Amino acid sequence: MSRTVRTRIAPSPTGDPHVGTAYAALFNYAFAHTHGGQFILRIEDTDRTRSNQASEAMIFEALHWLGLTWDEGPDVGGPCGPYRQSERSEIYREHVKRLINAGHAYPCFCSKERLDKVRARQQAEGSTTVGYDGHCRAMAPADAALRRGEPHVVRLAMPREGQIVVKDLLRGEIAFEAAGIDDQVLLKSDGFPTYHLANVVDDHLMEISHVIRAEEWLSSLPKHVQLYRAFGWEPPVFCHLPLLRNADRSKISKRKNPVSLNYYRRAGYLPEALLNYLALMGWAMPDEREEFSLEEFARLLELERITLGGPIFDLEKLSWLNGKYIRGLTVVQLLERLRAGLLGDDYLLQVLPLIQERIETLEDFLDYGRFFFVGDVAYDDQALKKLVPKGRTPQDTAKVLKTLLDEHLDPLLDWQPERLESILRSFCEAAGWSPNELFMSVRVAVTGRAASPPLFDTMAVLGKEVCRRRIRRAAGALKSIK
RNA sequence: GCCCCUAUCGUCUAGCGGUUAGGACAUCGGCUUUUCAAGCCGAGAACACGGGUUCGACUCCCGUUGGGGGUGCCA
């Protein structure tokens, strides 16, 4: 009870920095501060194929922008490091060994094919439990030792019967039938731990007192609790936050909502307004005041008061709040905000070289460079016509743009001219479009005009978020054409 | 399919057995204003349904329905 409060945010660096990460970080940060504890940043990069350095850097950057500073983390260090899971492999391996020796875990040599087959059969039979069937659990330790050289994973030996009762701060006790939970993989065949293992081991070793995370983890809580038991550790307090939702109530996603923190930053939302809005999701101040600072939030947050209905992330209300914050600034402060972004030297110095050769008077600058500074661009009839190459239909064009965006541009984190060019060029072949066709279409989508500075440089300067939303919008506009 | 969570205006929420069910966004109307915003004032708008418990349920319990999440060698 008197234990120091230590909370953490544990993002996985596999994409653009996510608004859900900021949401969880906000509550963890605030709770730690309410209780004079520490807030820790841990990078969960155990998925070697998806984890990526650019993503990690963007997460740091985005959280710094928001002002959610951490007391311990990969960049600032701390007594419980390293804070990057990829650098802790030895720790996990040792802990797995302990579990195996105690009979709480076992090696599993089942092939992917067998696993798929088992799952397919269970599904076909309408079996009540779908998951690993425990095939290798019966293997004698001596036999397993003999096969040590073969590729294998290590699984957690879950109790076969009875109930696993877990406790969530907001929901109270929740009982799961042990029979319905399969033996989770703890150590992958590449030697890296799964989330389940790594998060339990690290939370324990890093002395995390309160695990405040998204509700999507609630169903794996019994596995985590079982791990704490197997290790003989005292589990932390668990508090599962409601999931942010799209307007249709599904879990917030990039197809239906801007989810990248970079979007909000570029669009000109003030970090304190975003944080304030996020704090309103599932939380209300005791006096119902809706505008408050991070400090006030950190002073008054009580986890018990969090509401559990999944809140819809409402851009309209966010924008209203943001407007309030902007109006609350002095003119000089407003100028500073502008200079920190769209009207800052950094950005202007990127834009100007692309415009310089194309203007004759300084006042041409605004007219010509307009699309570098606005959010959406308008597509007039002429632009709409240029968007669709001769001989192509609006529908085809919309489809090509969407595919380009979703499958090729969206996963790109290193948003540089060279990368963009190679992606667009190879996409031409895949789509069966000529570079002329595709590049003009993308140019118009991204700038609103048929004439612009070199496409890839322009896209690079505009940034991923702006390109994304404009291409998306262009595709949408095309679809509504007859 | 199975497991788990969840349910107050369109949206975010207050409520914690007895209230004309309150506030905010959005919407609509008015005032202000050269215009547009902003600001101010006002209006419409909710306890999903069915059983209990109780003198009394939005509040407690059970069920139904709706919504969500999970069911990966992803987190």
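Here is the naming used below: chain letters follow the sequence lines, and residue numbers restart at 1 for every chain. Only a predicted model underlies this, so the values are computations on that prediction, with no experimental measurement involved.
Between Tyr195(A) atom OH and G72(B) atom P there is a gap of 17 Å when expressed in whole angstrom units. Rounded to whole angstrom, the span from the CE atom of Met281(A) across to the P atom of U6(B) amounts to 19 Å. For the pair Ile306(A) CD1 and U6(B) C1', the interatomic distance rounds to 15 Å; values are reported in whole Å. Following rounding to the nearest Å, His196(A) (NE2) and G70(B) (C1') show an atom-to-atom distance of 10 Å. Regarding Trp283(A), its CH2 atom lies at a distance of 10 Å from the P atom of A14(B), rounded to whole Å. For the pair Phe238(A) CZ and G69(B) P, the computed distance is 22 Å after rounding to whole Å. With rounding to whole Å, Asp47(A) atom CG is found 12 Å from C73(B) atom P. At whole-Å resolution of the value, CG in Leu186(A) and C1' in C74(B) are 15 Å apart.
When each of A26(B), G67(B), G23(B) is scored by its nearest atom to the side-chain atoms of Arg249(A), the top-ranked nucleotide is G67(B). Taking only side-chain atoms of Ile174(A), from C-beta outward, the nucleotide of A24(B), C4(B), G72(B) with the closest atom is C4(B). Among the nucleotides U13(B), U11(B), C4(B), the one closest to any side-chain atom of Ile312(A) is U11(B). Listed nucleotides: G39(B), C3(B), C5(B). Nearest to the side chain of Lys324(A): G39(B). Closest to the side chain of Glu215(A), out of C5(B), A14(B), C74(B), is C5(B). Side-chain atoms of Lys251(A) lie closest to G68(B) of the nucleotides C73(B), G23(B), G68(B). For Leu243(A), taking side-chain heavy atoms from C-beta onward, the closest of the listed nucleotides U13(B), C5(B), G68(B) is G68(B). Taking only side-chain atoms of Leu280(A), from C-beta outward, the nucleotide of C12(B), U6(B), C25(B) with the closest atom is C12(B). Listed nucleotides U13(B), C73(B), G22(B) differ in distance to Val185(A); the shortest reach to its side chain belongs to C73(B). Comparing C73(B), C5(B), C25(B) by their nearest atom to the side chain of Val153(A) picks out C73(B).
By the 4.0 Å N-to-carboxylate-O rule, Asp47(A) lies too far from Lys188(A) to be salt-bridged with it. By the 4.0 Å N-to-carboxylate-O rule, Lys317(A) lies close enough to Glu290(A) to be salt-bridged with it. A salt bridge is defined here as a Lys NZ or Arg NE, NH1 or NH2 lying under 4.0 Å from an Asp or Glu carboxylate O, and Lys402(A) with Asp410(A) fails to meet this definition. Classification of Glu72(A) and Arg6(A) as a salt-bridged pair holds, one side-chain N sitting under 4.0 Å from a carboxylate O. Ion pair Glu94(A)/Lys97(A) not flagged as a salt bridge, since none of the NZ, NE, NH1 or NH2 atoms sits closer than 4.0 Å to an Asp/Glu carboxylate oxygen. Salt bridge annotation for Asp182(A)-Arg155(A): absent, with no cationic side-chain nitrogen under 4.0 angstrom from a carboxylate oxygen.
Using a 4.0 Å heavy-atom criterion, one finds that Phe176(A) contacts the sugar-phosphate atoms exclusively. Contacts of Arg305(A) with the nucleic acid, taken as non-hydrogen atoms under 4.0 Å apart, involve only primed sugar atoms and P, OP1 or OP2. As judged by a 4.0 angstrom heavy-atom cut-off over every strand, Gly323(A) is placed among residues making no nucleic acid contact. No contact: Thr129(A) has no heavy atom under 4.0 Å from any strand. The residue Thr14(A) sits apart from the nucleic acid: no heavy atom pair falls under 4.0 Å. At a threshold of 4.0 angstrom between heavy atoms, the contacts of Glu290(A) include nucleobase atoms, whether or not backbone atoms are also involved. Counting non-hydrogen atoms under 4.0 angstrom, Val130(A) reaches a base of the nucleic acid.
Along RNA chain B, the nucleotide nearest Leu218(A) and the nucleotide nearest Thr307(A) are compared for position; the residue whose nucleotide lies closer to the 5' end is Leu218(A). Where Gly310(A) and Glu216(A) meet RNA chain B, the nucleotide closest to each residue was compared, and Gly310(A) sits on the side nearer the 5' end.
Between G63(B) and C9(B), the distance separating the two C1' atoms is 26 Å to the nearest Å. The separation of G52(B) from G44(B), taken at their C1' atoms, amounts to 35 Å, rounded to a whole angstrom. Here, C2(B) and G10(B) have their C1' atoms 34 Å apart, quoted to the whole Å. Between U11(B) and G67(B), the distance separating the two P atoms is 14 Å to the nearest Å. Only the C1' atoms considered, G22(B) is 23 Å distant from G30(B), to the nearest whole Å. Spacing of P atoms, A46(B) relative to U8(B), comes out at 14 Å, to the nearest Å. Here, G39(B) and C47(B) have their C1' atoms 33 Å apart, quoted to the whole Å. Separation of the P atoms belonging to A7(B) and C62(B) is 13 Å when rounded to the nearest angstrom.
Under the 30°/60° scheme for interplanar angles, the aromatic rings of Phe365(A) and Phe373(A) are found to stand perpendicular. Note on ring orientation: taking the six-membered ring where Trp is involved, the planes of Phe238(A) and Tyr228(A) are perpendicular (angle over 60°, cut-offs 30° and 60°).
Contact check, Lys188(A) against C74(B): a side-chain N or O comes under 4.0 Å of OP1 or OP2. Between Lys223(A) and C4(B), a side-chain N or O to OP1/OP2 separation shorter than 4.0 Å is absent. Between Arg327(A) and A37(B), a side-chain N or O to OP1/OP2 separation shorter than 4.0 Å is absent. Residue Ser250(A) places no side-chain N or O under 4.0 Å from the OP1 or OP2 atom of G69(B). Taking side-chain N and O atoms only, Thr46(A) has a distance below 4.0 Å to OP1 or OP2 of A75(B). For G69(B), neither phosphate oxygen OP1 nor OP2 lies less than 4.0 angstrom from any side-chain nitrogen or oxygen of Arg171(A).
Taking 3.5 Å as the limit, the base of A26(B) and the side chain of Lys317(A) contain no donor-acceptor pair of atoms between them.
With hydrogens and angles disregarded, a donor-acceptor distance shorter than 3.5 Å links the side chain of Glu296(A) to the backbone of Ser293(A).
Summarising the base pairing, A21(B) is matched to no nucleotide, lacking a Watson-Crick or G-U wobble pair whose two defining distances lie under 3.5 Å. Using N1 to N3 plus N6-O4 or O6-N4 for Watson-Crick, or N1-O2 and O6-N3 for G-U wobble, each under 3.5 Å, A48(B) pairs with U64(B). Under the Watson-Crick and G-U wobble criteria, each requiring two contacts below 3.5 Å, nucleotide C2(B) is paired to G70(B). Across all strands shown, nothing is found opposite U32(B) as a Watson-Crick or G-U wobble partner with both distances under 3.5 Å. The partner of U59(B), taking Watson-Crick or G-U wobble pairs whose two distances both stay under 3.5 Å, does not exist in any strand shown. Summarising the base pairing, A14(B) is matched to no nucleotide, lacking a Watson-Crick or G-U wobble pair whose two defining distances lie under 3.5 Å. In this entry C9(B) has no Watson-Crick or G-U wobble partner, no candidate having both defining distances under 3.5 Å.
Arg147(A) forms a cation-pi arrangement with Phe109(A), by the criterion of a distance under 6.0 Å to the ring centre and an angle within 45° of the ring axis.
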